[in-house]
Amino acid sequence: MKNRSLKIMLLGTALLSSFSFADIRSFRPKIRVVAEIDGVDIGISDSYISLEKAKEIALRHAGVSRNRAQKMKGYLDWENGRRIYDIEFYNNNVKYEYEIDAATGKIINYSRKDRNVNNRTNAGYINESQARRIALSRVRGANNSHIKKFKLDREDGRMVYEGEIEYNGREYEFDIDAVTGEFIRWDVD
């Protein structure tokens, strides 16, 4: 035990003595294991994995090929005392976000968000054109060109079509239950 501690202490002293005081002040830690002594990680390396390698790790984890990834971007950041790569890309309207340790290549955090909520009619929802017809049925004379805002959204745990109709100087705001087609909210200004 004393022998191992002595080896580590001597190595640490040797490493520190190789830096001038100016080097130590400007040193930004970029720790990466390059050797071991009796199971203890030692060594300092000034290299990180490349941005391209970080992107490759994220794509492999997501199961997306490079040529299918859209709007891919990434950058090196500093977070919680370590360097990380923030990686973001899309595939089939799904947004992927990754945080990857720049020294080790380990995935720290990731998320997958489906950005294509409007195409979920197979989930038992009425489709968009049906919801538009339901909304327009309350405003005599209005047509699709009078619908100014319209989207499928989650509110209070249920899916609703929310929108706005502008017709004859009036504004109608509504929420329609995406399963039943019933009005949840109808406001006229």
Side-chain angles (χ1 to χ4, degrees), residues 27-135 144 147-164 173-182 184-185:
F27 179 70
R28 294 187 72 159
K30 300 175 181 177
I31 307 299
R32 189 172 184 186
V33 176
V34 292
E36 286 186 4
I37 294 179
D38 296 332
V40 177
D41 299 338
I42 62 165
I44 297 176
S45 171
D46 63 353
S47 66
Y48 296 130
I49 64 170
S50 68
L51 176 58
E52 291 307 310
K53 181 67 175 174
K55 288 178 180 179
E56 181 183 313
I57 291 167
L59 288 167
R60 188 174 338 117
H61 183 267
V64 175
S65 66
R66 178 68 172 206
N67 61 347
R68 307 237 352 144
Q70 303 158 346
K71 298 180 185 177
M72 184 169 228
K73 60 184 175 180
Y75 59 92
L76 187 61
D77 198 4
W78 187 263
E79 188 176 290
N80 296 327
R82 66 179 163 189
R83 299 295 265 174
I84 65 162
Y85 284 107
D86 283 321
I87 309 291
E88 179 180 302
F89 59 93
Y90 293 83
N91 176 264
N92 294 330
N93 289 320
V94 176
K95 180 179 182 181
Y96 295 88
E97 294 178 300
Y98 281 84
E99 291 180 357
I100 297 175
D101 187 298
T104 65
K106 179 182 175 192
I107 297 171
I108 299 166
N109 194 6
Y110 70 93
S111 68
R112 179 184 188 274
K113 299 175 187 167
D114 187 351
R115 309 294 286 176
N116 196 12
V117 175
N118 288 333
N119 289 337
R120 292 186 180 172
T121 57
N122 294 341
Y125 306 146
I126 61 172
N127 65 41
E128 183 176 317
S129 63
Q130 289 171 314
R132 285 174 174 269
R133 278 195 303 273
I134 292 168
N144 268 324
I147 296 178
K148 302 303 177 190
K149 294 180 183 175
F150 193 87
K151 70 177 182 177
L152 180 62
D153 197 14
R154 181 177 300 277
E155 285 188 11
D156 300 325
R158 69 176 165 185
M159 297 304 288
V160 298
Y161 286 102
E162 63 182 43
E164 184 177 298
E173 293 182 14
F174 59 88
D175 289 342
I176 298 172
D177 186 295
V179 175
T180 66
E182 295 175 359
I184 300 167
R185 178 177 65 98

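Counting begins at 1 with the first residue of the sequence. Since we're looking at a predicted model, the values are computed, not measured.
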Closest heavy-atom pair, Arg83 versus Tyr48, reported as atoms and distance to 0.1 Å, is CG-OH, 2.9 Å

So which atom in Ala103 and which in Asp101 form the shortest heavy-atom distance, rounded to 0.1 Å? N-OD1, 2.8 Å

Counting neighbours of NZ on Lys148 that are heavy atoms of other residues, nucleotides or ligands and sit closer than 6.0 Å, is the number greater than 12? yes

When every non-hydrogen atom of Ala58 is compared with those of Ile87, the smallest separation belongs to CB-CG2, 4.1 Å

Do Asp177 and Arg158 touch side chain to side chain, with heavy atoms closer than 4.5 Å? yes

Where the side chain of Asn127 meets the backbone of Ser129, is there a donor-acceptor pair that is under 3.5 Å apart? yes

Quick one: which of Glu164, Glu155, Glu173, Glu162 gives a salt bridge (Lys or Arg N to Asp or Glu O under 4.0 Å) with Arg185? Glu173

Between CG on residue Leu51 and CG on residue Asp86, distance to nearest 0.5 Å: 10.5 Å

CD1/Ile84 to CH2/Trp78 distance, rounded to the nearest 0.5 angstrom? 11.0 Å

Tell me, with the steps shown, if Ile49 and Ile57 meet side chain to side chain contact (heavy atoms under 4.5 Å, CB included). CA-CA 10 Å; Ile49 64 170; Ile57 291 167; 4.0 Å; yes

What is the distance from atom OH of Tyr90 to atom CE of Met72, rounded to the nearest 0.5 Å? 12.5 Å

Please find the pair of heavy atoms, one from Ala69 and one from Leu59, that lie closest to each other, and give the distance. CB-CD2, 3.7 Å

Aromatic centroids of Tyr110 and Tyr96 separated by under 6.0 Å: no

Would you list the pairs meeting salt bridge (charged side-chain N to carboxylate O under 4.0 Å, His left out) in which at least one residue belongs to residues 67-79, sequence neighbours left out? Lys73-Glu88

Would you say that Tyr161 contacts Ile134 through its side chain, given a criterion of any heavy-atom pair below 4.5 Å between the two side chains? no

Is there a side-chain contact between Ile108 and Asn80, using heavy atoms and a 4.5 Å cut-off? no

Specify the closest pair of heavy atoms between Ile126 and Val179, including all atoms of both residues, with the distance to one decimal. CG2-O, 3.9 Å

Angle class for the Phe89/Tyr98 ring planes (parallel below 30°, perpendicular above 60°, tilted otherwise)? parallel

Strictly below 4.0 Å, N to O, side chains only: are Glu99 and Arg82 in salt-bridge contact? no

Test of understanding: with salt bridge (charged side-chain N to carboxylate O under 4.0 Å, His left out), list the residues that count as partners of Arg133, not counting sequence neighbours. none

Over all atoms of both residues, closest heavy-atom pair of Ala102 and Leu76: CB-CD1, 3.7 Å

